[in-house]
Every structure is written in structure tokens, then in C-alpha cells.
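What you see is a predicted model; the values in this text were computed from it and never measured. Order of the sequence lines fixes the chain letters, A, B, ..., with proteins taken first and strands second; residue numbering starts at 1 for each chain.
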Amino acid sequence: MRNDTVSKDWRSKLINPVLDKEFRLRMRTPRTMWTLLAYLFAIGLFALSSIYLLNMSSGNAASFNPSESRMLFYFLSFVQLGLISFMAPGLTAGVISGERERQTLNLLLTTQQSSTTIILSKLLSSLSFMILIVISTLPVYSMVFLFGGISPAQLLLIFFFYLFLMIVIGAFGILFSTIVKRTMIAVILTYGVTLFLYAGTALIGYVAIMVSMQVSGSSASNEWIVHIFSWNPAVAMYSILDPNITREIVYSGSGSTASEPFLQLWQEFMLIYLVLAALAIWLSIRYLRPRMKQSGK
Amino acid sequence: MNKAEQTEIKVEQEAGVSPEQDQGAVPMIEIKGLSKSFGSFHALKSLDLTIARGKVFGFVGPNGAGKSTTMSILATLLSPSSGYAKVDGFDVTKHPAEVRKRIGYMPDFFGVYDQFKAVEYLHFYGASYGIPKKEREELIPQLLELVNLSDKRDAYVDTLSRGMKQRLCLARCLVHDPDLLILDEPASGLDPRARIEMREILLELKAMGKTIIISSHILPELAEMVDEIGVIEHGQMIAQGNVSEIQNRLRVKRILYIRLLERLEEAEQFLQEQPHVTRLMRDERGIHVHFSGQDLEQAELISELIAAGYRIISFSEGQTNLEDVFLEITRGGDGFE
Ligand SMILES: Nc1ncnc2c1ncn2[C@@H]1O[C@H](COP(=O)(O)OP(=O)(O)OP(=O)(O)O)[C@@H](O)[C@H]1O
Ligand SMILES: [Mg+2]
């Protein structure tokens, strides 16, 4: 009896009504299945066609050398990064505004569920679908993994990085979904931010380096400028794949390659975006319900 | 019924929680100087409204008067620009969670999660109000019974008709046994039969001792079940009281219906000039006359008509209803937009 209530308590803490509802409804839509299949198909196609291409170029169908396998791994990782970045805005930017447009949000907001529960459950449930998707690509990865050239730690780290990036993009998605009335605009804004993370930061970094080279002569580029690149997900992920890259970039100007940099680029990336994602989630929670300014004045 | 007993027990239990000591003295709804602006547009202008426990309050007003706005504020979905609104003694801005516990809100427009079955739909909201599964399993069949949807318990919500959805939404409002029901046009879009059903359900809820605030455009229907009506226009409460009080205040005493054989237009002109006639409406067969006089004056009016040579087919005295009150109050009130 006691045991029973305790386990119920655990269950009710882990699976709150909003989360439960999201899981049920999401799994009921055929769209979920189709998205999953389409994704697996895309990844599988990339993997197989690149294996085929590598085979063509090496000419030897029987053996695969580690550097080729690593190449394939890099390639797959970036494709998956791209797909995640492409999907995350679409999956998360509609979660609140979608309910608003279907006129179910008001009903949800008058229940006892706290804003925090609603936002976090929505974020988690929309991401859990993507986590499922990414995990389902593991077999494709292990195919590459078997050929060698990549460490298990790196593989784990890559998947952790994916998870983190999903949360970051999801946090922005849910923020726009909360503060913007229309899903369409929330989706566009989230894609905009995602695009900025890649192209915007790269462009700013490139321009900054160019300008500082112009100003201070040739080699002595300022150290802070290279940190602009730690804002870029692609660069950050590359620093996991190739750990030397951080040192090369950070000390590219100064020429001294003696010591390890304080933080890897991807670590820097995670620190920065941890703060930003937390901020976005906090703002979403705050603005989900109307700001109850104290009346009277 | 035992549901009513439940409600009473709940009220007693919560007496300790309420910030004000004397339970009986705390009105269910207390609104003072409530204003709401959307940008430079003032949707509510210093609205006052008090509704006692157990009363059914009809909220009447033309489109855009501010009914839904007031109800959204009560439901903690909008924050007031100034003034305050209290539910059961709890300020909606300061203790929204306490307010939410006590209200069942039915918006004028609402959506449903299509992929849920009716029972699942109610289970979800029940769970969202923190009701344990065991209790829900007992409660939900009762609720479905109350709104006559027992046979649709396993139907997907998107297969339900509009009226059924409306009733399902009403059942949803009741899932946490709230003391106050805020119903924004619960009968809109329903056919006459469904409206009668809705009204019967509401009467049952009234019998359970719930306080209900209900807005509607179908005024004659309201008249039979409300204890009080409030008339709102341009964000201001322009009249409030029980139905007959308001009718008196607005001096719509009687409505006479005169059917004439011919010369309808002429007769209308003629009636216009008679004393105590406040308003005229003509249809193909006769004329509705709003009349503020007593029996004597009424008798005189008839003899005047006959003396003037009008041939009367019939002369009847109608019951003034809310519709007339509504038209009277809001006459010429459309020119603000
Ligand atoms: N979110 C909003 N932004 C701007 N104006 C609004 C908003 N909500 C309501 N209004 C305005 O406030 C006024 C009152 O609207 P409300 O919905 O309360 O009217 P109502 O009495 O419910 O009307 P109806 O009988 O048509 O339902 C309207 O003029 C409306 O245009
Ligand atoms: Mg309305």
C-alpha cells in the first residue's frame, strides 16, 4: 500500500499530465511515424551513398582504412547536425502557439499546471521525439564505427552535443512560440536564429579576423576574436571530432602552440548556450501566462 | 443530490484557507473599478460587480461590450490594467492559483484535442487539476452522465458534433468540482433542442449550489434561470439587478401587440403621438408597442385607436422579456466603432 503510493508519486513526478498528453497525442499522429521514417531514410541514404563513393575512389571494395572511415564519420556527423538543426525549429516553434491557434491553450492555462511544468513538459516531449530519431540512427553510425578511426568517447560526446543543441534550439523555439502569436512567425524566427548560429557567427568571425588583420598588420590577431567561432555549432562540433582544432584556432595568431587552451571550443560553446537556453526557457515560463502586475496604482 | 453535499463540505474545508474570516460575507465574485486597455482602446472602464455565493448571474451586452474580457480576467487569463477582481476573496492577480482551483471556465471559442477520446479528454484535464486517477475513474462517468454523453465516452472528440463538444467542455469545467462557473456564451451555435438541454444542465448545476456567471445573446433563455442580470455596454455596467428591477428601471412596462386589418403605417404614426408610448416596432401583421402606462391608459389607447377609425383584429398584452430590455438598453448604441 505504502509502496504503491510511493511509486505512484514517482510516476506522477516524472510523467505529469501535460507530458503524458503530449506523448499520447504525438504518437497518435501518423506524422510522427512519417517523420521518423523520412529521417532514417535520409540518413541511411547519405551513409550508403558515401560508402559507395568512398569505395569507388579507393577501388578496393573489401577493405576500408581508418582515415576513410573517419571521413565518413565526419560527414555523417555533419549531415546529422544539419538535419537536427533543420528539424528542431519545426518541432518546437509550434508547441505553444499551436495550442493557442487551436484554442486549447486557454483551457490548459486555467488548470493547476504551473507555467514551468507546461513549458518544460512541452520542450521535453517535442525533443524526446527527436532524441528517438537520433537514437534510431545509431545503427547507421555503428556501421561506420566498426571500421575504426573514431573513439567511443567521441561518439558519445557527439550524441551529447546533439542533445545539447536540440535543447538550445528548442529553447529558442519555445520562447518564440510563447511570445509570438502565430506559429508561422515563431517558426520563421526560430529558423532565423538557427541560421544565424551557423552563417551569422561564421560571417562575423570571418569579418572580425579580416578587420583585425588589416588594423594590426599581419600575424598578431587578437585572441578574443577566435572565440567568436565558439558560438558556431559546426565549429564546436568539429572541435569534438578533431581535438587539435581548438589549439590551432586559438593560437593561430600568436604562434605559440605550447600549452593546451583553457577550454575546448565545444566546451566554450556549451557554456555560452547553456546560459542563453536557460534564459530563453526562463522567459518562456515568465511570459506563458499574462504578467500579473500588481493592480491598485 | 450527493454532489451538492460534496460541494458544501468542500466549502467548509476551505474556510480556513480563505484570507477573510467570515466565509458567508465573502462574495463569490467581487470586481471593483476594473479597467482593461488594449493599447489605447479601453475595453473595460471601471467596472463594478459583486455576485453572491450560489447566485446565477446573467451577463448581457452587445458585441464588443467587454463580457469576454471581464470573464478572461476572472479566469486569470488577462491581467487587469487597473482595479481588482476577486474570486472567493482571492485577488486574481495576486493568487491566480487559488482562483484557478475555484473556477470552471468555458471560453466563447475553444478547441479540443482531436485525437483524444471523450474519456481521455476528461482524464487529461482531471489530472491537470491534480485529481488522482482513482477518483477520476469514478467521477468521469458521472460527469458524462450529467452532460448526456455517456454513450460517446469512447468516441474521438473530433467526431463529436458541436453541441456535444460544448457539453464535453462543460463537463471539463466541472471536473475539479469548482464553486464558480464562468461560462462565456455556452449556448452559442447550438440548435434549439441543444439549447434546452444546455439550460437543463445549467439548472441542475444551479441546484447543486454552484455560483454561475453566464453570458449569452439568447436572452429569453437567460431570463428563466438567472437570479440577476448585469447589462454591460462599452466596458461599463449600465444596469444591474434582478430581472424585474432592471425592467422597471428601464421603464419597459408592457408590450402591446396590435394587429390591424389595414393602414399599418398610418397607425404607427398615430401611435407615436400617443402618451406613454416609448417605442414601436412594426411587422407585416401588426405593431409592437412599448407602453409605460397602466390599465387605465391602456384602455384609453384602445378607444383612441378605434375612435380614429382603425380596424383592430386583435389586441394583446405581451410579457416583457429580456430581449426587449436588451434592445431598449442598447438602442442606438452601435455608433462607437
Ligand atoms: N486582445 C485584444 N486586443 C485588442 N482588443 C481587444 C482584445 N480583446 C478584446 N478586444 C476588444 O475589447 C472589446 C471587448 O471585447 P469582448 O470580447 O470582451 O466583447 P464581448 O462583450 O465578449 O463581445 P461578444 O458579444 O461579441 O462576444 C472589443 O471591442 C474588442 O475588440
Ligand atoms: Mg464574447
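Within the 4.5 angstrom heavy-atom criterion, only backbone atoms of B:Val92 (N, CA, C, O) approach chain A. For B:Leu77, the parts sitting under 4.5 Å from any heavy atom of chain A are the backbone and the side chain alike. Both the backbone and the side chain of B:Ala75 come within contact range of chain A, with heavy atoms under 4.5 Å apart. Interface residue A:Glu99: only side-chain heavy atoms are found under 4.5 Å from chain B. Residue A:Arg289 touches chain B through its side chain alone, counting heavy-atom pairs closer than 4.5 Å. Neither the backbone nor the side chain of B:Val175 comes within contact range of chain A, judged by heavy atoms closer than 4.5 Å.
In terms of modelled atom types and a separation under 3.5 Å, the side chain of B:Lys67 and the main chain of B:Gly61 share a donor-acceptor contact.
Ion pair B:Arg53/B:Asp88 flagged as a salt bridge, since at least one NZ, NE, NH1 or NH2 atom sits closer than 4.0 Å to an Asp/Glu carboxylate oxygen.
Taking A:Leu105, A:Leu108, A:Thr117, A:Leu107 one by one and counting their heavy-atom pairs under 4.5 Å with chain B, the maximum is reached by A:Leu107. Taking chain A as the reference chain and counting heavy-atom pairs below 4.5 Å, the highest number among B:Tyr105, B:Phe124, B:Tyr125 is found for B:Phe124.
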> Do A:Phe269 and A:Met237 pass the side-chain contact (heavy atoms from CB on, under 4.5 Å) test, and can you show the C-alpha distance, the side-chain angles, and the key distance before you say yes or no?
Replying inline: CA-CA 9 Å; A:Phe269 175 88; A:Met237 195 183 75; over 6 Å; no
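To the nearest 0.5 Å, the span separating CG on B:Leu49 from CZ on B:Phe59 amounts to 6.0 Å.
Relative orientation of the A:Tyr273 and A:Trp231 rings is perpendicular, given thresholds of 30° and 60° on the angle between their planes. Between A:Phe164 and A:Phe160, the ring planes are tilted. Angles from 30° to 60° get that label.
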